[in-house]
Amino acid sequence: MEKKELIYEGKAKKVYSTDDDALCIVSYKDDATAFNGEKKGTIVGKGVVNNRMSNFMFKLLEQKGIPTDFVEELNDRDAVLKRVEIVPLEVIVRNKAAGSFSKRFGVPEGTAFAAPTLEYCLKDDDLGDPMINDSQIIAIGAATKEELDTIAAYTLKINEVMKEFFAQCSVELIDFKIEFGRLPDGTIILADEISPDTCRFWDIETHEKLDKDRFRRDMGGVEEAYAEMMKRVGLDK
Ligand code: TMP
Ligand code: ASP
């Protein structure tokens, strides 16, 4: 499978068409941004980590009954994916308070929850990805009620699978963001990526941050944290 034309370039990846209209090739970059692109930088080797970790997680989730866009890993940075129309929502699950939740609601980072939270943001860079609720999503047609029910059910199952998997790696899954796509027949499948860019990973004992917060917050040790996550997941060989 070969790249034909560049069809999309985002902050962290490029997407190419292929000879097969149903498939595309994603290529992960080392570019890092935060705060809607305000902060820019490079995390050396990040593209490799995110490609390999995301492919690994999507394969695991497929085994657990979640349909995904993953087809095949081509090399360290590139993967073949099913072409989808992205549902314009960032779907966020939180197991403990952190980040924008802590800020918005005044709940200290690391506070445990009675149950995981599920929230949505509308994917719109010009608007700064505002938070949106179920009725608003349905009202503007970002997704139908049926699609949202499917997305919510998949998302909670994905959280259970990921929480258990990362706990075995001595990593606590604090929160994460995922995205879904529609196949041409309307089927909803998991899309985009699962990586240290899109999850908060804390060491289960020390609570050391092993994710993109080290870049967002200028904490240093960013590359080391991504490399440590590869080791924890067993992808460093
Ligand atoms: P938040 O606390 O900043 O709302 O982030 C929640 C989770 O979503 C966290 O794991 C980081 C991830 N995230 C993204 O993947 N992309 C984004 O643009 C933002 C704001 C957060
Ligand atoms: N990648 C996102 C951006 O540049 C934000 C983030 O991950 O914090 O806006």
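For ligands, and for the atoms within them, numbers begin at 1 and follow the listed sequence.
Residue, atom and distance of the protein heavy atom nearest to atom 17 (C) of ligand 1 are Glu90 OE1, 3.9 Å. Nearest to atom 4 (O) of ligand 1 among the protein's heavy atoms is Ser100 OG, 2.6 Å. Regarding atom 9 (C) of ligand 1, its nearest protein heavy-atom neighbour is Asp175 OD1, 3.1 Å. Closest to atom 6 (C) of ligand 1 among all protein heavy atoms lies Arg200 NH1, 3.6 Å. Counting only heavy atoms of the protein, atom 8 (O) of ligand 1 lies nearest to Lys177 CB, 3.4 Å.
Checked for salt-bridge contact, Asp213 and Arg200 meet the test: a charged N lies under 4.0 Å from a carboxylate O. A salt bridge is absent between Asp203 and Lys209: the closest approach of a Lys/Arg side-chain nitrogen to an acidic carboxylate oxygen does not fall below 4.0 angstrom. Between Lys123 and Asp129 there is no salt bridge, since none of the side-chain N atoms of the basic residue sits less than 4.0 Å from a carboxylate O of the acidic one. A salt bridge links Lys177 with Glu179: at least one charged nitrogen is closer than 4.0 Å to a carboxylate oxygen. At a threshold of 4.0 Å, the pair Glu147-Arg182 counts as salt-bridged, since one of the basic side-chain nitrogens sits closer than that to a carboxylate oxygen. The existence of a salt bridge linking Asp175 and Arg94 is confirmed by a sub-4.0 Å separation between a basic side-chain nitrogen and an acidic carboxylate oxygen.
By the salt bridge (charged side-chain N to carboxylate O under 4.0 Å, His left out) test, Lys14 pairs with no residue at all, sequence neighbours left out. Applying the side-chain contact (heavy atoms from CB on, under 4.5 Å) test to Ala227 and every residue at least two apart in sequence or in another chain returns nothing.
Using 4.0 Å as the threshold, Asp129 has no heavy atom nearer than that to any atom of ligand 1. Close to ligand 1: Arg216, with a non-hydrogen atom less than 4.0 angstrom away. Put simply, part of Arg94 is less than 4.0 Å from ligand 1, judged by heavy atoms.
Classification of the Phe201-Phe166 ring pair by plane angle, with boundaries at 30° and 60°, yields tilted.
Heavy-atom proximity to Phe176, at under 4.0 Å, picks out these atoms of ligand 1: 10 (O). Every atom of ligand 1 with a heavy atom of Gly99 under 4.0 Å away is listed here by number and element: 2 (O). With ligand atoms numbered from 1 in the order given, ligand 1 contributes 10 (O), 12 (C), 15 (O) to contacts under 4.0 Å with heavy atoms of Thr198. Atom numbering of ligand 1 starts at 1 in the shown order; those under 4.0 Å from a heavy atom of Asp197 are 15 (O).
Contacts of ligand 2 (protein heavy-atom distance under 4.0 Å) are Lys11, Thr33, Ala34, Phe35, Asn36, Gly37, Lys212, Arg216.
In Cys199, the part holding a heavy atom less than 4.0 Å from any atom of ligand 1 is the backbone. Of all the heavy atoms of Ile174, none lies under 4.0 Å from any atom of ligand 1, so neither backbone nor side chain is involved.
Within a 6.0 Å sphere centred on CD of Gln136, other residues, nucleotides and ligands contribute more than 12 heavy atoms.
For the residue pair Asp78 and Lys3, the shortest heavy atom distance occurs at OD2-NZ, 3.2 Å.
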Name the atoms and distances for all side-chain donor-acceptor pairs under 3.5 Å in residues 60-68, with sequence neighbours left out.
from  : atom 1 : to    : atom 2 : distance (Å)
Glu62 : OE2    : Thr68 : N      : 2.8
Glu62 : OE2    : Thr68 : OG1    : 2.7
Thr68 : OG1    : Phe70 : N      : 3.1

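In this structure, CE on Met162 lies 10.5 Å from OG1 on Thr155, to the nearest 0.5 angstrom.
Distance check for atom 12 (C) of ligand 1: a protein heavy atom is found below 4.0 Å.
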